[in-house]
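Take a look at the structure below.
Since the model is a prediction, treat every value here as computed from it, not as a measurement. Side chains included, hydrogens not; waters and symmetry mates left out as well; all remaining heavy atoms used.
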Amino acid sequence: MNASETVQLAPSGLVLYADVLVLGGGPAGAWAALTAARTGAKVVLADKGYCGSSGATAPSGTGVWYIPPDPQLRYEAKMSRYEMGGRLAEESWMNRVLDKAFERMHQLADWGYPFPIDASGAGVVRGLQGPEYMRLMRKLALRAGVKILDHSPALELLADEHGVGGARGIRTQKGGHWEVRAGAVVIATGGCAFLSKALGCNVLTGDGYLMAAEAGAELSGMEFSNAYAISPTFASVTKTAYYRYASFYYEDGSIVEGAGSQRGRSIIARNLQEGRQVYARLDQAPEELKPRLRVGQTNFFLPFDRVGIDPFRDLFPVTLRLEGTVRGTGGIHITTEACGTAVPGLYAAGDAATRELICGGFTGGGSHNAAWAMASGSFAGEGAAAYAQTLGAHAPTRQLKGLSTMPLTTRASAASTQTADVVRAVKDEVHPYDRNLFRTQSGLDASLGRLDRLWRDIRDAPITLDEQAYKAREAAAMTATARWMYESARVRTETRGMHKRLDYPKLDQQQRYRLISSGLDVIRVRTEAVAAEEVALV
């Protein structure tokens, strides 16, 4: 662990002691906090936004990978992404997540989540509406005794020679700093969408990846981090399930051949890249289904209603917004069934953790991610609470140091004025389709050369501990995330899952392994074997 100098907090600083600190207040963080607190642990949760309304889930409706324990149904559910994901998922993890998601969905019903009722009077336990879901999760966490710090982004982890022991950050609304010393930390800060304006993703900038890597943790599957989602050009909503009912057209009304197929996004991207606008219309939706679609994804229709477009009847222009690791599968490498990392005291959950274990190299969309958030949050919360208990009464007296690569200082610095330039430079490397979606050796080499130089420019730049300090850390996290992505993509010389190499267009059976990346100044990539068992009807 390469600890930076310890920064003394100003008198306005808030210092708390806990058994478990959870970073991130989305569904995975909320489940981690709730699970840990229900074991009797003292829990603090710190969220960059307002726990319950920030993040990708809160403003959206989502399906859940909820499958009754029927052998045939479970087999079909596991196989639904197995081949598309390049056979990198593992059956034991799929089984555990399916079991836990099934359990948690029924607990939500017992705890008051308003599932719709079918004609027979039974609850329809399949999907969740983000606002109701996260409102309930916040209430449950508070009721269990969790201390929530809203608008409190973490800037760095704290650690000693024994492992991670807390974190510190700033309070963007109340002012001042915060520090939490804890026996264990769960990173549930979400993925990285590179500020692409996808709905709910403005807080998802890879912060947890950077903090974990600074502590010595590894990442897995970062080459599977180039997910793009269809969106109207005039909206940020990237809920793509309804485009299964769409036909795609050019401006003259002719059909964009293949745009509605499994290769559809690549075809749309090619057209957009060549300057040809693509339009969509949900003209394949059955008439009797339309009212149900509006109820299932209310926010999908809001942008259309605002501008007077009927998406079932009218053509509307579409684009592709980068969702990176939010809808991709890369993230912090998990080494235990409790979602622990290789660093003692550090756990990861939700989109901050790799989802290769259940999806392989192809996105599971919202449903798999929602189930993973419930399950991994529960596993991590329980594991972190158990680990904290092993530390005994001496945990609060540990001599902890901050791990931020960038020096944190209370002195005024000009570094913040460069943050926008750094963000713009990273976007220029990861947003374009010809650099990220359609990858080549020469393109990856060129992007990595520029990103490596950018990292060298910022890694020693001091960050002033004011209300804007988190923006500089976001820029650093996005830079680091892009480098892990592209180094992994350079090593995987094949096309597998969502990772597409134009110079290696076929899947190579000899590369059925995971790529584990690590490091900050120098990125290292190693291979890790995937469990040999096949998905079975059990």
Met105 vs Leu128, test: side chain to side chain contact (heavy atoms under 4.5 Å, CB included). Steps then yes/no. CA-CA 9 Å; Met105 287 289 277; Leu128 296 164; 4.0 Å; yes

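- With sequence neighbours excluded, the residues that form a salt bridge (Lys or Arg N to Asp or Glu O under 4.0 Å) with Arg483 are Asp452.
- Proximity of a side-chain donor or acceptor of Thr172 to a complementary backbone N or O of His151 within less than 3.5 Å is detected.
- The shortest non-hydrogen separation linking Leu195 to Met478 is CD1-CE, 3.7 Å.
- Note that Arg181 lies outside the cation-pi zone of Tyr17, set by a 6.0 Å cut-off to the ring centre and a 45° limit from the axis.
- Listed by chain and residue number, nothing satisfies the side-chain hydrogen bond (donor to acceptor under 3.5 Å, both in side chains) test with Asn226 (two or more places apart in sequence, or in another chain).
- Using a 3.5 Å distance cut-off with no hydrogens or angles, the side chains of His106 and Tyr113 do not pair a donor with an acceptor.
- Residues Glu161 and Arg398 are not paired through a salt bridge, judged by the lack of any N-O separation under 4.0 Å between the basic side chain and the carboxylate.
- Ring centers of Phe300 and Tyr243: under 6.0 Å apart, within the cut-off.
- Using a 4.5 Å cut-off on side-chain heavy atoms (C-beta onward), Lys78 and Leu98 make contact.
- Panel note: side chain Ser196, backbone Leu322; a donor-acceptor pair is recorded below 3.5 Å.
- Across every non-hydrogen atom of Val186 and Ala32, the tightest pair is CG1-CB, 4.0 Å.
- Judged purely by atom type and a 3.5 angstrom limit, Asp351 has no side-chain atom pairing as donor or acceptor with the backbone of Gly191.
- Within the 3.5 Å criterion, the main-chain N or O of Cys51 finds no donor-acceptor partner in the side chain of Ser54.
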Determine, step by step, whether Ser53 and Arg138 satisfy the side chain to side chain contact (heavy atoms under 4.5 Å, CB included) criterion, reporting the C-alpha distance in whole Å, the side-chain angles of both residues, the deciding distance to 0.1 Å, and the verdict. CA-CA 10 Å; Ser53 65; Arg138 180 185 177 93; over 6 Å; no

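- By the ring pair (Phe, Tyr, Trp, His ring centres under 6.0 Å) test, Trp484 pairs with no residue at all, sequence neighbours left out.
- Looking at heavy atoms from C-beta onward, Ser376 lies in side-chain contact with Cys339 at the 4.5 angstrom threshold.
- The stretch residues 123-136 participates, sequence neighbours left out, in these side chain to side chain donor-acceptor pair (under 3.5 Å) pairs: Trp31-Tyr133.
- Thr354 and Ser220 make their closest contact through OG1-O, 3.6 Å (heavy atoms, listed as atom of the first residue, atom of the second, distance).
- At a threshold of 4.0 Å, the pair Arg514-Glu90 counts as salt-bridged, since one of the basic side-chain nitrogens sits closer than that to a carboxylate oxygen.
- In terms of modelled atom types and a separation under 3.5 Å, the side chain of Asp19 and the main chain of Gln389 share no donor-acceptor contact.
- Residues forming a side-chain hydrogen bond (donor to acceptor under 3.5 Å, both in side chains) with Thr325 (at least two apart in sequence, or on another chain): Tyr209.
- Listed for the Arg355 side chain is a donor-acceptor partner under 3.5 Å among the backbone atoms of Gly330.
- Residue pairs meeting the salt bridge (Lys or Arg N to Asp or Glu O under 4.0 Å) criterion with at least one partner in residues 92-117, sequence neighbours excluded, are Arg74-Asp99, Lys100-Glu103.
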Is there a salt bridge (charged side-chain N to carboxylate O under 4.0 Å, His left out) between Lys471 and Asp466? Walk through the geometry before answering. CA-CA 10 Å; Lys471 291 187 177 296; Asp466 57 21; over 6 Å; no

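- Lys48 and Asp150 are not joined by a salt bridge, as no carboxylate oxygen comes within less than 4.0 angstrom of a charged side-chain nitrogen.
- Residue Ala227 comes nearest to Met498 through the heavy atom pair N-SD, 3.8 Å, listed as atom of the first residue, atom of the second, then distance.
- Contacts classified as side chain to side chain donor-acceptor pair (under 3.5 Å) and involving residues 329-348 (residues at least two apart or in different chains) are given here: His333-Glu528.
- By the side-chain hydrogen bond (donor to acceptor under 3.5 Å, both in side chains) test, Glu218 pairs with Arg526, sequence neighbours left out.
- Put simply, the side chain of Gln297 does not reach to within 4.5 Å of the side chain of Val237, judged on heavy atoms.
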Applying side chain to side chain contact (heavy atoms under 4.5 Å, CB included) to Val44 and Val20, what does each step give before you reach the verdict? CA-CA 7 Å; Val44 175; Val20 176; over 6 Å; no

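- In the model, Asp207 has a side-chain atom that pairs as donor or acceptor with a side-chain atom of Thr205 under 3.5 Å.
- Panel note: side chain Arg168, backbone His177; no donor-acceptor pair is recorded below 3.5 Å.
- Judged by distance alone, with hydrogens and angles left aside, the side-chain atoms of Lys239 form a donor-acceptor pair with the main-chain N or O of Gly61 at under 3.5 Å.
- Taking the six-membered ring where the residue is Trp, Phe234 and Phe304 present perpendicular rings, their angle passing 60° and hence far from 30°.
- The side-chain heavy atoms of Thr479 and Ile458, taken from C-beta on, include a pair separated by under 4.5 Å.
- Residue pairs meeting the salt bridge (Lys or Arg N to Asp or Glu O under 4.0 Å) criterion with at least one member in residues 322-336, sequence neighbours excluded, are Glu323-Arg327.
- Every residue meeting the side chain to side chain contact (heavy atoms under 4.5 Å, CB included) condition with Ala33, not counting sequence neighbours, appears here in chain and number order: Val22, Val43, Leu45, Val146.
- With contacts defined as side-chain heavy-atom distances shorter than 4.5 Å, the pair Asn299/Ser60 qualifies.
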Taking it one step at a time, do Asp160 and Gln399 satisfy side chain to side chain contact (heavy atoms under 4.5 Å, CB included)? CA-CA 6 Å; Asp160 61 12; Gln399 299 300 307; 5.5 Å; no

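- Panel note: side chain Glu223, backbone Met485; no donor-acceptor pair is recorded below 3.5 Å.
- Side-chain contact between Lys147 and Leu16 is present, with at least one heavy-atom pair separated by less than 4.5 Å.
- Between the side chains of Asp47 and Ser152, not a single donor N or O lies within less than 3.5 Å of an accepting N or O.
- The backbone N or O of Ser367 sits nowhere less than 3.5 Å from a side-chain atom of Tyr66 that would complete a donor-acceptor pair.
- Residues Ile332 and Ala212 approach most closely at CD1-CB, 3.7 Å, considering heavy atoms.
- Between Phe362 and Phe224, the distance separating the two ring centers is not shorter than 6.0 angstrom.
- Two residues are said to be in side-chain contact when any heavy atoms from C-beta on lie closer than 4.5 Å; Phe102 and Ile67 fail this criterion.
- Listed by chain and residue number, nothing satisfies the salt bridge (Lys or Arg N to Asp or Glu O under 4.0 Å) test with Arg321 (two or more places apart in sequence, or in another chain).
- The closest side-chain heavy-atom distance from Phe301 to Leu293 is below 4.5 Å.
- The nearest pair of heavy atoms linking Gly206 to Thr481 is CA-OG1, 4.1 Å.
- The stretch residues 44-65 participates, sequence neighbours left out, in these ring-ring contact (aromatic ring centres under 6.0 Å, His included) pairs: Trp65-His368.
- In this structure, a donor-acceptor pair under 3.5 Å is absent between the side chains of Asn202 and Lys197.
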Between Glu179 and Arg171, is a salt bridge (charged side-chain N to carboxylate O under 4.0 Å, His left out) present by the stated rule, with each step listed? CA-CA 10 Å; Glu179 179 176 305; Arg171 310 183 79 185; over 6 Å; no

